[in-house]
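Report on the structure given below.
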Number of protein chains: 2
Amino acid sequence: MSSSVAEGAKRRPTLHDVAARAGVSKSLASLALQGSPKVAPASREAILAAANELGYRPNRTASSLVRQRTHTIGVHILDLHNPVFAEILDGVQEAARGHDYSTLLVTGNADPVTERTEITRLLESRVEGLVLIAHRLSDEDLAAIAREVPTVVVTWRTDGIAGLDSVAGDDLAGARLAVDHLAALGHARIAHISGGDNRIARERRSGYERAMADHGLDPLVVDGAFTERGGYAGAEAAVDAGATALVVANDLAAIGALAALRARGLRVPDDVSVVGYDGMRLLDSLDLTTVAQPLAEMGRVAADLLMERIEAPDRPSTHRLVETRLVPRGSSGPAPD
Amino acid sequence: MSSSVAEGAKRRPTLHDVAARAGVSKSLASLALQGSPKVAPASREAILAAANELGYRPNRTASSLVRQRTHTIGVHILDLHNPVFAEILDGVQEAARGHDYSTLLVTGNADPVTERTEITRLLESRVEGLVLIAHRLSDEDLAAIAREVPTVVVTWRTDGIAGLDSVAGDDLAGARLAVDHLAALGHARIAHISGGDNRIARERRSGYERAMADHGLDPLVVDGAFTERGGYAGAEAAVDAGATALVVANDLAAIGALAALRARGLRVPDDVSVVGYDGMRLLDSLDLTTVAQPLAEMGRVAADLLMERIEAPDRPSTHRLVETRLVPRGSSGPAPD
DNA sequence: CCCCGGAATTGGAACGTTCCAATCCTCACG
DNA sequence: CGTGAGGATTGGAACGTTCCAATTCCGGGG
């Protein structure tokens, strides 16, 4: 079968095998495969041919070990079910690919504990940087992580932590945009369905409250969550309280709110206007007015920031606030009567 | 500052450092950190303490190299924007985590070429298995990949390729479910908005056509795509042709179809009934009738199949067909008049 | 004909682990 | 008080690369 020496279970060909077949040293083979200009054309050809015939695949693990670089970034995503995060991830991936980096993805889906575990795993894999697309970590945890590896948090501003950058939308201004829009349409009973007790939700809520105050309107906040169910329940409470317009904490919840209104037989926007927040792509078809954030763009910026920090780990923290804008669609209209 | 010897730029502590600090050999330190029962309690304690104080993190790269196992699977996902794929991914992640595997994720978003490149990258990272959540590879490419590494394809049945498993929904039966449902509601002009020219779309289309024939109805297929835009355009064409019910190739397109109907001033389900396909979570709130596939479940099964094959690379191919079921919701109702 | 310079090539150390085989130690037993 | 068993510990090879320093090769100038 084969004239060669030891040949048990088919082992993956290594650089050594390629070199042997091409009749050169492994050093030269390495050089050639890296495209070094200092290898003679004839040798290069022989080496490339050998690699090809053998179906050689460089082993990144080995390479990473000696180079002390993995060319991989870790991405933690809070919740895959929220299309918003997927869109951000998409931007991250694109930018990472542009810089010739791979992406190691984990989710903390279940609980904060898994979240920590998964991030630890990333650290052990020696990712060169970390992008956290939303998270539930404490500031201490975050600081500890940022001390180990360049880190950027997407979705909310995180300052005061050395070595950590962030990319976020201006939630304060965004919520104001929604209120302004509805007020301009003549609404007075504008309710806010909150996103629960977390940083972003609080920010959006404040934005809403301040804007309402500025318009001389009474605020009406009902508890909700960043989920469809949260929006559903919130919408019920809000209309019970007489609201004619809803500023919902995010798009997912807004979709839930729409469902609640439909169930109640209320028409949108004739009876009640609804404004979401985030700007996920899907909304276009759903005809939902929303405060849009440039999601993929946020992901790209995050990855770029990360690359910069990988280059210069000690540069000061930067916090990028991306612009939000109101996208008026069919779910918001003039106030009734 | 420090009394120790060489201390330039802070280097990551290695096993060596831990061992030194604990006053033992690196071998013993390794043993202890792996939780081997044969290290003396006192030593173990000292080692663990040292590791802790130093902030030691095992280097997976090195470990993988010597163990010849990376404990990582690669996942290729066709399109992150389709929530369906995200839900499958979620299942994959969960199962992988359960088996103590990491996930390396890539997307082929742009074109088939990137797709190949990204998969190659995965192979170089020595992933132990590959899950393809939809793909655009040729059968030869697929076979070549499966030859290198255990592979499972999710979303469509792929047989005849050695070493490759697949998990798919029964599209033929699924499409029939939709037709049966609408026929039972009295619809006769049931149109199908196709998903374009690909395996799944063809399958669903055949299912539709056969079911229509069985009901003695004339088929009406309009071109569409697995996107909202595709659904939008398709719905326009279908209602122009007089359809009172739409079997849409997937949920995303169904959402687009809904938008088109709304734009035309047609009411759902009074004027036109719509049935989607896939069963993404969001639909619940959108009140869209659909042929649901157990998406996360499919992901889990895929990962499990992969684990099995990693254990036994030579076992025969298995093809799992998961059950689809019709989820009736508000977008389908009795035929008009 | 020798020597030199530069291009091409090579050996070997290093990266941080794991794990085998070998050594060391301790103590019970004869 | 020697011996051996068995637990604890250790040295060192190996994994597949990269890259530095060293070596070989070659032809042309002196």
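Quick caveat, the model's predicted, so the values are computed rather than measured. First the proteins, then the strands, lettered A, B, ... as listed; each starts at 1.
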Protein-nucleotide distance ([X], atom [atom1]; [N], atom [atom2]), rounded to Å:
X: A:Lys38; N: C:dG6; atom1: NZ; atom2: P; answer: 13 Å
X: A:Arg60; N: C:dG16; atom1: CZ; atom2: P; answer: 19 Å
X: B:Glu45; N: D:dA8; atom1: CD; atom2: P; answer: 15 Å
X: A:His16; N: D:dT17; atom1: NE2; atom2: C1'; answer: 13 Å
X: A:His71; N: D:dT18; atom1: NE2; atom2: C1'; answer: 14 Å
X: A:Leu31; N: C:dT10; atom1: CG; atom2: P; answer: 11 Å
X: B:Arg11; N: C:dC15; atom1: CZ; atom2: P; answer: 8 Å
X: B:Arg69; N: D:dG16; atom1: CZ; atom2: C1'; answer: 18 Å

Remember a base hit wins even if backbone is also touched, and classify [X] as base, sugar-phosphate or nothing at under 4.0 Å, heavy atoms.
X: A:Thr14; answer: sugar-phosphate
X: B:Arg44; answer: nothing
X: A:Ser43; answer: sugar-phosphate

For the side chain of B:Ser27 and the base of D:dG12, is some donor closer than 3.5 Å to an acceptor across the two?
yes
Short N-O contact, [X] and [Y], less than 4.0 angstrom:
X: B:Asp165; Y: B:Arg315; answer: yes
X: A:Glu94; Y: A:Arg97; answer: no
X: B:Arg121; Y: A:Asp100; answer: yes

Report the residue from A:His71, A:Arg60, A:Gln93 that forms a side-chain contact (heavy atoms from CB on, under 4.5 Å) with A:Ser102.
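Going through A:His71, A:Arg60, A:Gln93 one by one, the side-chain contact (heavy atoms from CB on, under 4.5 Å) with A:Ser102 is satisfied by A:Arg60 alone.
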Nearest-nucleotide pick for A:Ser25, side chain only, options being C:dT10, D:dT17, C:dT17:
C:dT10
Looking only at side-chain atoms of A:Ala40, point me to the closest of C:dT10, C:dA8, D:dT17.
C:dA8
Nearest-nucleotide comparison on DNA chain D, the residue closer to the 5′ end among A:Gln34 and A:Leu65
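The residue closer to the strand's 5' end, by nearest nucleotide, is A:Leu65.
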Which is more 5' along DNA chain D, the nucleotide nearest B:Val24 or the one nearest A:Leu28? Just name the residue.
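Between the two, 5'-proximity favours B:Val24.
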Please determine if a side-chain N or O atom of B:Gln68 lies less than 4.0 Å away from the OP1 or OP2 oxygen of D:dG16.
yes
When you check the phosphate oxygens OP1 and OP2 of C:dT18, does a side-chain N or O of B:Ser30 lie under 4.0 Å from one of them?
yes
Upstream residue (5' side of DNA chain C) when A:Val66 and B:Lys26 are each assigned their closest nucleotide:
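First, find each residue's nearest nucleotide; the 5'-ward one identifies A:Val66.
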Looking at A:Glu45, I want to see if its CD is surrounded by more than 12 non-hydrogen atoms of other residues, nucleotides or ligands under 6.0 Å.
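Result for CD/A:Glu45: open.
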